Amino acid sequence: MTADTESSTRWQTIRKHVAGLPVRPNLVDYDATCATFSWDAARHALAGLPGGRGVNIAYEAVDRHAAGPNADREALRFVRADGSTHSLSYAALAEESSRFASVLRGLGIGRGDRVFSLIGRVPELYVAVLGTFKNASVFCPLFSAFGPEPVRQRLHLGGGRALVTTRALYRKKVAPVRDSLPELQHVFLVDAAGDPEPGTLDLAALMRDAPPYGEIAATQPEEMALLHFTSGTTGTPKGAIHVHDAVTAHYATGLFALDLHPDDVYWCTADPGWVTGTSYGVIAPLVHGVTAIVDEEELDADRWYRILEEQKVTVWYTAPTALRMLMKSGTERAAAHDLSALRFVASVGEPLNPEVVVWGQEALGLPVHDNWWQTETGGIMIANLVATEIRPGSMGRPLPGVEAGLVARDDEGNPVLRGNEALLVTQPDTVGELALRPGWPSMFRGYLNEEERYRRCFVGGWYLTGDLAKRDADGYYWFVGRGDDVIKSSGHLIGPFEVESSLMEHEAVAEAAAIGIPDPVAGQVVKAFVELKPGFEPGEHLRLEIIGFARKRLGPAVAPRELEFTTSLPKTRSGKILRRLLKARELGLPEGDTSTVEVPR
Ligand code: AMP
């Protein structure tokens with residue numbers, strides 16, 4: 001056997017023996033569990049509001065534990081910049097979140113009202129999410145690396161009535177656009193220290209005066225709990241609506257895909273501004289009554305290894321970008337730490353390179369388990385599991401209760417129908433659009449105020465995810481690429497339209513197109529192509545000026561990293577920019593069908 005085939009055989013599967021695992025997995029027999037699982041049965045594992053008053057995520061996550069033997073258990077353990085920690089028990093979290101609900105109520109913020117956050121991983125964020133649920137209001141997290149424009153747009157689209165943020169973020173990103181947000185009545189500063197900015201409130205002072213009691217509002221399973229903005233290829237960001245019943249899926253996926261056990265110390269590294277940060281950074285671990293680690297700082301290889309070691313993390317949920325950064329920093333760094341408490345590592349957000357799965361085995365002593373889901377699915381749908389073999393490079397298999405399929409697409413990328421049903425790809429290793437049978441509890445229930453956009457996601461009995469994938473003969477799914485032009489950078493979706501619209505606000509820009517280009521750490525970064533208005537000359541000064549302009553408006557996480565001037569952007573005859581073609585040219589790939597291109601090269 002040559003070295004090459006030997007290493008590819010090693011990569012084909014990573015086999016496991018349940019008897020050799022340190023904790024008996026929650027899911028041992030995949031086929032048998034899939035055959036008997038039902039969402040109704042999963043609902044029975046939850047408590048429901050006392051007196052049969054409905055279902056509320058905060059009750060399942062916190063108050064249920066606070067009322068029982070878990071009351072004094074650490075719910076959240078925050079790691080400060082200097083490595084010291086401070087914790088909130090389940091009882092303390094129940095009390096603080098009730099206080100926050102009282103603050104909202106006192107200000108007249110009620111059922112269905114949207115409460116936004118623009119803040120890092122600090123205790124107030126967790127208190128606010130849970131308190132908002134308790135008040136029957138709707139929580140909507142924003143990414144703190146957004147610039148003022150994405151912040152303004154989402155607050156406006158979501159009709160935000162309240163916002164939890166810090167003084168610095170308020171000054172930089174909200175104050176400049178506040179005048180255009182008349183619906184935003186209350187801004188809570190977590191660090192006002194008795195001296196709030198004009199037009200803001202001191203959250204700590206309000207919390208001190210608010211009663212820590214009051215019944216949790218009776219919310220029904222189908223009532224809106226969360227709003228998560230996500231980006232599409234065209235138009236404004238979409239506000240995906242999630243309901244309180246989603247907690248059933250957070251519970252079941254925490255059980256099966258993350259293998260959470262009551263004694264776990266669990267660490268989810270996701271930013272709270274994105275769906276993973278809520279579904280798996282707040283809800284799933286608390287529902288399982290585990291201790292969740294929260295790092296208040298940003299990624300740093302030594303710091304992260306220190307946290308894994310010192311906090312004795314047992315289950316770690318992170319992202320490919322972060323793992324690639326750790327891998328780049330060298331395996332010896334990991335070897336310097338005692339990671340023996342760690343028993344399960346999972347990753348989500350982008351394709352996970354097989355090399356990273358295998359690196360995990362060498363550096364962490366465990367392979368990394370890739371799983372797949374998206375904002376619209378609200379929870380993990382496809383996963384490599386603790387008890388079953390891993391196929392490095394594959395996203396794994398659908399979880400119990402999830403029916404996945406691959407819908408055939410015609411030459412124009414549209415789903416093929418046979419009568420009313422979508423035609424499924426049945427041949428192994430053949431590309432189709434990844435689709436899910438509607439009906440799982442954390443499925444989005446709409447895009448806010450965009451009925452038609454929501455309806456278009458469902459075709460021939462399936463929810464179409466926009467991702468292209470293959471399935472092998474054993475039912476493992478393999479990611480192929482996005483079926484649209486959306487860009488994934490450091491695990492975050494970026495809508496090209498949003499970037500282009502911002503660029504076009506610069507006085508020199510006539511037209512712009514944004515694509516994702518490969519980057520070894522971020523997966524992709526944004527590259528923009530810009531056509532200038534007459535009278536403007538391309539040059540390095542203008543290039544940097546336009547990039548700076550975009551960074552200021554969009555924030556560094558969204559703005560283009562590269563910018564190239566062009567004299568004609570390729571378009572379809574109907575005038576749509578052909579980003580696909582720009583990308584093929586950029587990467588030296590075949591250009592495909594160019595028969596509809598209006599402006600050839
Ligand atoms: P978001 O809605 O921001 O969570 O992004 C969801 C998108 O991220 C999916 O539709 C995929 O394109 C991508 N994605 C998520 N997880 C994976 C994965 N494990 N492998 C490949 N792509 C992924």
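Source: prediction; values computed, not measured. Computed from heavy atoms alone, side chains included, the values below leave out hydrogens, waters and symmetry copies.
- Ion pair Lys527/Glu586 flagged as a salt bridge, since at least one NZ, NE, NH1 or NH2 atom sits closer than 4.0 Å to an Asp/Glu carboxylate oxygen.
- The residues Glu498 and Arg154 are annotated as salt-bridged, a charged nitrogen and a carboxylate oxygen being separated by less than 4.0 angstrom.
- Pairs engaging residues 156-165 under the salt bridge (charged side-chain N to carboxylate O under 4.0 Å, His left out) rule: Asp113-Arg161 [sequence neighbours left out].
- Ring pair Phe479/Trp372: centre-to-centre distance not below 6.0 Å.
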Stepwise side-chain contact (heavy atoms from CB on, under 4.5 Å) check, Leu464 with Phe458: CA-CA 6 Å; Leu464 297 178; Phe458 297 87; over 6 Å; no
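- Between Phe565 and Phe536, a ring centre-to-centre spacing not shorter than 6.0 Å is recorded.
- Residue pairs meeting the salt bridge (charged side-chain N to carboxylate O under 4.0 Å, His left out) criterion with at least one partner in residues 540-557, sequence neighbours excluded, are Glu505-Arg553, Glu540-Arg543.
- Applying the side chain to side chain contact (heavy atoms under 4.5 Å, CB included) rule to Asp202 yields the partners Ala192, Pro196, Ala204, Ala205; only residues at least two apart in sequence or on another chain are considered.
- Remark: of the listed residues Trp373, Phe229, Tyr454, Tyr454 is the sole one forming a ring pair (Phe, Tyr, Trp, His ring centres under 6.0 Å) with Phe444.
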Test log, rule salt bridge (Lys or Arg N to Asp or Glu O under 4.0 Å), inputs Glu450 and Arg456: CA-CA 10 Å; Glu450 292 191 279; Arg456 281 204 306 267; over 6 Å; no
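- Heavy-atom minimum distance, Arg453 versus Thr234: NH2-O, 2.7 Å.
- For the residue pair Gly131 and Leu104, the shortest heavy atom distance occurs at O-CD1, 4.4 Å.
- One finds a salt bridge joining Asp484 and Arg482 here, because a Lys/Arg side-chain nitrogen approaches an Asp/Glu carboxylate oxygen to under 4.0 Å.
- The number of heavy-atom neighbours closer than 6.0 Å to CZ of Arg561, taken from other residues, nucleotides and ligands shown, is 12 or below.
- By the side chain to side chain contact (heavy atoms under 4.5 Å, CB included) test, Val480 pairs with Val431, Leu468, Lys470, sequence neighbours left out.
- Residue Asp410 qualifies as enclosed at atom CG: its count of foreign heavy atoms under 6.0 Å is above 12.
- Using a 4.5 Å cut-off on side-chain heavy atoms (C-beta onward), Cys457 and Tyr447 make contact.
- Listed by first and then second residue, the side chain to side chain donor-acceptor pair (under 3.5 Å) pairs involving residues 141-153 are Glu149-Arg152 (not counting sequence neighbours).
- Nearest approach of Arg80 to Thr85, heavy atoms of both residues: NH1-O, 3.6 Å.
- Pairs passing the side chain to side chain donor-acceptor pair (under 3.5 Å) check and including a residue from residues 508-517, sequence neighbours excluded, read Glu511-Lys571.
- In terms of modelled atom types and a separation under 3.5 Å, the side chain of His250 and the main chain of Gly378 share a donor-acceptor contact.
- Using a 4.0 Å cut-off between charged nitrogen and carboxylate oxygen, Asp295 and Arg303 count as a salt-bridge pair.
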